[in-house]
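Some notes on the structure that comes next.
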Amino acid sequence: MSKYDSLWNWIQNNGTDKFSLTYAEIEKIAGIPIDHSFLTYKKELTEYGYKVGKISMKEQKIMFERIMEIGNR
């Protein structure tokens with residue numbers, strides 16, 4: 001069990017191909033403060049069909065993108 005499981009499930013159930021969340025939104029969904037360890041945990045998201053795209057420290061936003069299956073590229 002990952003500390004970001006609630007966030008990963010929310011992202012998977014969102015159903016949008018590409019979207020961004022602010023750090024504050026992520027913290028609210030995950031129920032924990034976002035920290036540097038997010039960079040390690042983000043690899044788990046591929047199991048849910050998504051990947052972390054751009055991380056903007058300036059805007060405090062993270063872009064998420066659905067992983068396209070080989071047949072859908």
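The neighbour count for K28 NZ, taken as heavy atoms of other residues, nucleotides or ligands under 6.0 Å away, does not exceed 12.
Shortest non-hydrogen contact noted between G53 and E65 is CA-OE2, 3.9 Å.
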Mind running side chain to side chain contact (heavy atoms under 4.5 Å, CB included) on F19 and I62 for me, showing each step along the way?
-> CA-CA 8 Å; F19 61 96; I62 298 177; over 6 Å; no

Residue pair K18, R66: steps toward the side chain to side chain contact (heavy atoms under 4.5 Å, CB included) verdict = CA-CA 6 Å; K18 190 174 184 179; R66 184 187 309 264; over 6 Å; no

Apply the test side chain to side chain contact (heavy atoms under 4.5 Å, CB included) to residues Y50 and W8: give CA-CA distance (whole Å), side-chain angles for both, the deciding distance (0.1 Å), then the verdict.
-> CA-CA 9 Å; Y50 283 82; W8 305 152; over 6 Å; no

Step by step, work out the side chain to side chain contact (heavy atoms under 4.5 Å, CB included) result for E27 and L21.
-> CA-CA 10 Å; E27 290 175 352; L21 294 171; over 6 Å; no

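In this pair, F38 and F64 present their aromatic rings perpendicular. The plane angle is above 60°, beyond the 30 to 60° band.
Between I55 and Y23 the shortest side-chain heavy-atom distance falls below 4.5 Å. Annotation: side chain of Q60 is not in contact with side chain of T22 (no heavy-atom distance under 4.5 Å).
A continuous path of Ile, Leu, Val, Met, Phe, Trp and Tyr side chains, each step under 4.5 Å between heavy atoms, connects L39 with L7, placing both in one hydrophobic cluster. The cluster map of Ile, Leu, Val, Met, Phe, Trp and Tyr, joined by side-chain heavy atoms under 4.5 Å apart, puts M57 and V52 in the same cluster.
Distance check, rounded to the nearest 0.5 Å: NZ of K51 to NZ of K42 gives 10.5 Å. Atoms NZ and OG, from K61 and S56 in turn, are 8.0 Å apart once rounded to the nearest 0.5 Å.
Applying the side chain to side chain contact (heavy atoms under 4.5 Å, CB included) test between Y4 and each of I11, N9, I34, L45 identifies I34 as the sole match.
If you check the side chains of K54 and S20, you find no donor sitting under 3.5 Å from an acceptor.
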